[in-house]
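Single-structure report; data block below.
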Amino acid sequence: MLHTNIKYFHSMIVDGNMNLDKKFYPEGMNKEEIKADFTMRRIKLGRELGFDGLKILTPIQKKRPDLSDSTEEEKQRLLAKYDTKYMDGHAVRITRDMIDSYEDLYDIDIDSDILMIDSTLPEIALAYPVADSPVVFAEDTINQVVAMAHCGGEYIDRGLAGDLIEQLRGTSDCHPDDISVYIGPHAQAHSYTYDCFPKFVKNGQYWTECLTEQDGFIHINMAKAIIRQLEAKHIPITNIHNSDIDTITNPNFYSNNRARFDQNKDGRFYTGCFYQQGQSWIKTRRR
């Protein structure tokens, strides 16, 4: 397996909620108080993990508009608004020029499904706040470039894990054998169930053997669906590292699914990565 100086991380409930949604903060806090609270927690998290907590980049990921009950005119208007931001699988690579004028990188609005950064920008993190969805990272270990995408059910159904590999390979002459993938903590199949067929499943080819019925419930295996897309892009299974942390059952992680029954699980935790300072190393390119 190839190795570099990249570090993957996740926060936990003890670190606090990792976004600005007011529903996760005590009633009565205003926007300024919420932002100050969130900022201090990011700084503390970065200090503990080895990066600058003000240097965390998160993309603004757009949901595809629901056109099911729309007129033809409304459909065209909604699609035009959606497509002016980005097309599915749109990627942005972070450069020094993009970030130098910002003290807090959370203030940068980046409309994209995928963010990329390289090792020339150490201690600047890419992270996404999630509760049950996997965040997927694909690293070109030769050229020291990593790409990140939040791959919840809707985005798996779009084929975003495959887009992640395509976008990464489009930045350099990168062989699939040299790509390392990490799938972060998420709701695992034994716990993640629907009592009806999931509405987000529209492209059945991405979900073959990933939806199984047991005792009247459909178990959803997001990691398996993601891995299928990665293998279709010729990523060796030995290069794919899938977290076995179940956000639904693990008391240390927020969970949308479990928050209905346990208020302590209501929030968002970060899954992210950053390149560490210092010289990185890799094994010889395999061909």
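In what follows, every heavy atom counts, from backbone to side chain, and hydrogens, waters and symmetry copies are set aside.
- Taken together through direct or relayed side-chain contacts under 4.5 Å among Ile, Leu, Val, Met, Phe, Trp and Tyr, Ile6 and Tyr270 form parts of separate hydrophobic clusters.
- Between the CD1 atom of Ile220 and the CG atom of Leu211 there is a distance of 6.0 Å, given to the nearest 0.5 Å.
- Looking only at distances, a side-chain donor or acceptor of Asn203 sits under 3.5 Å from a matching main-chain atom of Asp157.
- The number of heavy atoms from other shown groups lying within 6.0 Å of NE2 (His190) is above 12.
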Please determine whether side-chain contact (heavy atoms from CB on, under 4.5 Å) holds for the pair Gln188 and His186, giving the CA-CA distance in whole Å, both sets of side-chain angles, and the decisive distance to 0.1 Å.
CA-CA 6 Å; Gln188 306 283 334; His186 58 277; 3.6 Å; yes
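- The nearest pair of heavy atoms linking Thr58 to Ala127 is OG1-O, 2.7 Å.
- Nearest heavy-atom pair across Ser180 and His241 is OG-CD2, 4.0 Å.
- Atom NE2 of His175 and atom CZ of Arg169 lie 7.0 Å apart (nearest 0.5 Å).
- Between the CZ atom in Arg268 and the CG atom in Asn256 there is a gap of 4.0 Å [rounded to 0.5 Å].
- When each of Gln229, Arg158, Arg228 is paired with Tyr206, the side-chain contact (heavy atoms from CB on, under 4.5 Å) condition holds for Gln229 and for no other.
- Ring centroid separation for the pair Phe269 and His10 does not come in under the 6.0 Å cut-off.
- Proximity of Val92 to Pro59: side-chain heavy atoms (C-beta onward) are nowhere separated by under 4.5 Å.
- Atom CZ of Phe9 is separated from atom CG of Asp15 by 10.5 Å, given to the nearest 0.5 angstrom.
- Ion pair Asp107/Lys35 flagged as a salt bridge, since at least one NZ, NE, NH1 or NH2 atom sits closer than 4.0 Å to an Asp/Glu carboxylate oxygen.
- For the pair Ser191 and Asn257, the minimum side-chain heavy-atom distance is 4.5 Å or more.
- Asn19 and Asp21 form no side-chain donor-acceptor contact under 3.5 Å, judged by distance and modelled atom types alone.
- Within 6.0 Å of the CD atom in Gln205, the count of heavy atoms belonging to other residues, nucleotides or ligands exceeds 12.
- Asp140 places no side-chain N or O within donor-acceptor distance of the main-chain N or O of Val145, the cut-off being under 3.5 Å.
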Under the side-chain contact (heavy atoms from CB on, under 4.5 Å) criterion, do Glu33 and Asp37 qualify, and how do the steps go?
CA-CA 6 Å; Glu33 291 170 332; Asp37 185 68; over 6 Å; no
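- The shortest side-chain heavy-atom distance between Ile34 and Lys22 falls under the 4.5 Å cut-off.
- Closest approach of Met29 to Tyr25, counting heavy atoms only: SD-CB, 4.0 Å.
- Nearest approach of Ile218 to Cys196, heavy atoms of both residues: CD1-O, 3.6 Å.
- Ser133 contributes no side-chain N or O that, together with a main-chain N or O of Cys151, makes up a donor-acceptor pair within less than 3.5 Å.
- With no hydrogens or angles considered, a side-chain donor-acceptor pair links Asp132 and Ser255 at under 3.5 Å.
- Between the side chains of Thr95 and Asp97, no donor-acceptor pair is found at a separation under 3.5 Å.
- Note: the hydrophobic cluster containing Leu45 does not contain Tyr128 (ILVMFWY, side chain heavy atoms under 4.5 Å, direct or indirect links).
- Residues Leu105 and Ile56 form no side-chain contact, since every pair of their non-hydrogen atoms from C-beta on lies 4.5 Å or further apart.
- One hydrophobic cluster, built from ILVMFWY side chains closer than 4.5 Å, holds both Ile165 and Ile237.
- At a threshold of 4.5 Å between non-hydrogen side-chain atoms, the residues Ile156 and Ile226 count as touching.
- Side-chain rings of Tyr106 and Phe38 approach one another, their centers coming within less than 6.0 Å.
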Asp118 and Arg93: salt bridge (charged side-chain N to carboxylate O under 4.0 Å, His left out), yes or no, with the steps?
CA-CA 9 Å; Asp118 62 51; Arg93 182 163 176 172; 2.8 Å; yes
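- For the pair Ser70 and Arg77, the minimum side-chain heavy-atom distance is 4.5 Å or more.
- Between the side chain of His219 and the main chain of Phe217, no donor-acceptor pair closer than 3.5 Å is present.
- The hydrophobic clustering, which links ILVMFWY residues whose side-chain heavy atoms are closer than 4.5 Å, places Ile13 and Phe24 apart.
- With a 4.5 Å cut-off on side-chain heavy atoms, Ile227 and Lys224 do not count as touching.
- Judged by distance alone, the side chains of Gln61 and Asp113 do bring a donor and an acceptor atom under 3.5 Å apart.
- Taking all atoms of both residues into account, the shortest heavy-atom contact from Ala138 to Leu168 is O-CD2, 3.4 Å.
- Thr271 OG1 to Ile183 CD1: the interatomic distance, rounded to the nearest 0.5 Å, is 12.0 Å.
- Applying side-chain hydrogen bond (donor to acceptor under 3.5 Å, both in side chains) to Tyr275 and the options Lys7, Glu139, Gln144, Glu123 leaves one that passes, Glu139.
- Of the possible donor and acceptor atoms, one in the side chain of Asn239 sits under 3.5 Å from a partner among the backbone N and O of Asp177.
- With rounding to the nearest 0.5 Å, the separation of CD1 in Ile108 from CD1 in Ile94 is 7.0 Å.
- Listed for the Thr247 side chain is a donor-acceptor partner under 3.5 Å among the backbone atoms of Ala187.
- Residues Ile179 and Leu160 share a hydrophobic cluster, clusters being chains of Ile/Leu/Val/Met/Phe/Trp/Tyr side chains in contact below 4.5 Å.
- Side chain of Gln276 to main chain of Gly50: no donor-acceptor pair is present (N/O by atom type, distance under 3.5 Å, no hydrogens or angles).
- Here the closest heavy-atom approach between residue Val146 and residue Leu126 is recorded as O-CD1, 4.2 Å.
- Under the 4.5 Å side-chain criterion, counting only non-hydrogen atoms from C-beta, Lys233 is not in contact with Pro176.
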Could you walk me through whether Met148 and Val135 satisfy the side-chain contact (heavy atoms from CB on, under 4.5 Å) test, starting with their C-alpha distance in whole Å, then the side-chain angles of each, then the deciding distance to 0.1 Å, before giving a yes or no?
CA-CA 7 Å; Met148 174 191 77; Val135 181; 3.6 Å; yes
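- In this structure, Lys265 contributes its side chain and Asn250 its backbone to a donor-acceptor pair below 3.5 Å.
- Within a 6.0 Å radius of CE in Met40, no more than 12 heavy atoms belonging to other residues, nucleotides or ligands are found.
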Tell me, with the steps shown, if Thr212 and Asn221 meet side-chain contact (heavy atoms from CB on, under 4.5 Å).
CA-CA 8 Å; Thr212 56; Asn221 194 328; over 6 Å; no
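- No side-chain donor-acceptor contact under 3.5 Å links Lys23 to the backbone of Gly267.
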